[in-house]
Amino acid sequence: MIRSLLAFGIVLTFAPGLPALAQTPVESRPPNAVGQQPQLPDQTRAPLPAVVTEPQLSVIARELPQLWALEFLPDGAMLVTAKEGRLFIVNGEGIVGPDIGGVPQVDAAGQGGLLDVALAPDFETSNQVFFSYAEPREGGNGTSVARATLVRDSNGGGHLEGLEVIFRQMPSYASTSHFGSRLAFSPDGALFITVGERYDASVRVEAQDVGSGIGKVFRVDRNGAAIADNPFVGTADALPEVWSLGHRNMQSAAIDSQGRLWTVEHGPRGGDELNMPEAGKNYGWPEVTYGIDYSGDPIGEGITAQTGTEQPVYYWDPVIAPSGMAYYEGTMFPEWSGAFLVGGLVAQSVVVLHMGNDRVVAEERVPLGARVRDVKVAPDGSIVVITERRGQGSEIVRLTATP
């Protein structure tokens, strides 16, 4: 169903080449950080599109453990990670296969566990899969990425062969928070890895240190080695795998039609950010941020802009609590072409960001009544999401166009 806001007497504006807009933003609650103002035009509280899409919802699978990510296999089945450290396949009819063997041990306390999964660009011939997880280590834990060959069996399951850890976020740290993590392959085959800054004030400052793996985007090849043209290759005391720095906790990442990485990261109390991380750029955390601390105090000096740091493309205050992200190029929802679809844990919706000239020109939300953990575009152009309710496990839900 498509609902026009004209019926509600809402004034519309028009710009050439962009969707018609309502003047009313989807977010109407007061911000947490009273007095903070955006540094750029149209940087927050974008208006609704004039036409709001209301998809039809259907449940593919229910009564699942707490899931974290899914990826479509070439035959349309879904490879799914469960936070507790399980990996399994769900077919198109919603039948859940047996656990896939060979998954490494994970630290599932707090925000840890088995996290994202991505298929190798040549999966149809290599059967290689990559996944990120909270790895238990001496003295703590950290986000690691492993690769393995997926060997499927006739019972809907299978096992992993040749598992190899190709990347470890260092240093290790004893915390149950802010592991990130999402994986995204660019068209040239490079693997982007997003991680968190481990939450605690004593360690989050390392997000500003290019010699630390805290609070970074990394860019590596399939073996985990730094790409030769990474921005800090050859820089003394810097990690050559680092692509960008100054990030908080990135649980959303997607590649757009131009092959560029976009991320959405959790801010503090207010300050979730949409960024297009560029090589060598500093995105500010924890020295520069929108929002405030959970205590109500400012973060650092409470500044939202500083020379040498990048402004977010867009930010939310109050937060949506982002997790999962997809770039839409399907045909089922032509009105969403070129939009980013972001999962909202607190927003309990799919947050649709309509883009124009690399800016957010409109924002709408598809309410699901549950926390949205991951978002993917299915081969037929429908949207498939993982939802969760605290203490009640997860469901896999499909969004289709309403007849």
**Q** What side chain to side chain donor-acceptor pair (under 3.5 Å) pairs are there with at least one residue in residues 90-99, not counting sequence neighbours?
**A** Arg86-Asp99
**Q** Taking only residues two or more places apart in sequence, or in another chain, which ones meet Gln39 in a side chain to side chain contact (heavy atoms under 4.5 Å, CB included)?
**A** Gln43, Tyr290, Thr304, Ala305, Gln311
**Q** For Glu363 and Trp316, does a side-chain donor sit closer than 3.5 Å to a side-chain acceptor?
**A** yes
**Q** Name the residue from Gln251, Arg248, Glu265 that meets the side chain to side chain contact (heavy atoms under 4.5 Å, CB included) definition with His178.
**A** Arg248
**Q** Does the side chain of Tyr199 reach to within under 4.5 Å of the side chain of Arg204, using non-hydrogen atoms?
**A**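 Tyr199 vs Arg204: side chains apart.
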**Q** Going by salt bridge (Lys or Arg N to Asp or Glu O under 4.0 Å), name the residues that satisfy it together with Lys83, two or more places apart in sequence or in a different chain.
**A**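 Per chain and number, Lys83 pairs via salt bridge (Lys or Arg N to Asp or Glu O under 4.0 Å) with no residue.
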**Q** Tell me every residue that passes salt bridge (Lys or Arg N to Asp or Glu O under 4.0 Å) with Glu395, counting only those two or more places apart in sequence or in another chain.
**A**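 For Glu395 the salt bridge (Lys or Arg N to Asp or Glu O under 4.0 Å) partners, ignoring immediate neighbours, are Arg62.
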**Q** Can you list every salt bridge (charged side-chain N to carboxylate O under 4.0 Å, His left out) pair that touches residues 118-130, not counting sequence neighbours?
**A** Asp122-Arg222
**Q** Could you list the residues that satisfy side chain to side chain contact (heavy atoms under 4.5 Å, CB included) with Asn230, not counting sequence neighbours?
**A**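 For Asn230, the residues satisfying side chain to side chain contact (heavy atoms under 4.5 Å, CB included) (neighbours in sequence not counted) are Arg219, Ala226, Ile227, Val233, Trp243.
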**Q** So which pairs with a foot in residues 290-307 pass salt bridge (charged side-chain N to carboxylate O under 4.0 Å, His left out), sequence neighbours left out?
**A**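 Every pair satisfying salt bridge (charged side-chain N to carboxylate O under 4.0 Å, His left out) with a residue in residues 290-307: there are none.
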**Q** Looking at Asp237, I'd like to know if its CG atom is crowded, meaning that more than 12 non-hydrogen atoms belonging to other residues, nucleotides or ligands lie closer than 6.0 Å.
**A** no
**Q** Anything under 30° is parallel, anything over 60° is perpendicular, the rest tilted; go ahead and classify Trp336 against Tyr328.
**A** perpendicular
**Q** So which pairs with a foot in residues 305-318 pass salt bridge (charged side-chain N to carboxylate O under 4.0 Å, His left out), sequence neighbours left out?
**A**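 Pairs touching residues 305-318 that pass the test: none.
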**Q** Under the salt bridge (Lys or Arg N to Asp or Glu O under 4.0 Å) test, which residues partner Arg373, sequence neighbours left out?
**A**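 Arg373 satisfies salt bridge (Lys or Arg N to Asp or Glu O under 4.0 Å) with Glu388 once adjacent residues are dropped.
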**Q** Any luck finding a side-chain donor-acceptor pair between Asp107 and Tyr133 under 3.5 Å?
**A**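 Note: Asp107 and Tyr133 side chains miss the donor-acceptor criterion.
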**Q** What residues, two or more places apart in sequence or in another chain, satisfy ring pair (Phe, Tyr, Trp, His ring centres under 6.0 Å) together with Phe179?
**A** none
**Q** Given salt bridge (charged side-chain N to carboxylate O under 4.0 Å, His left out), test Asp374 with Lys376 step by step and report yes or no.
**A** CA-CA 7 Å; Asp374 199 13; Lys376 288 292 189 296; 3.1 Å; yes
**Q** Only pairs at least two apart or in different chains count here, so list each salt bridge (charged side-chain N to carboxylate O under 4.0 Å, His left out) that has a residue in residues 150-176.
**A**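 Non-adjacent pairs meeting salt bridge (charged side-chain N to carboxylate O under 4.0 Å, His left out): Asp75-Arg152, Glu135-Arg168, Arg147-Glu164.
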**Q** By salt bridge (Lys or Arg N to Asp or Glu O under 4.0 Å), which residues pair with Arg390, not counting sequence neighbours?
**A** none
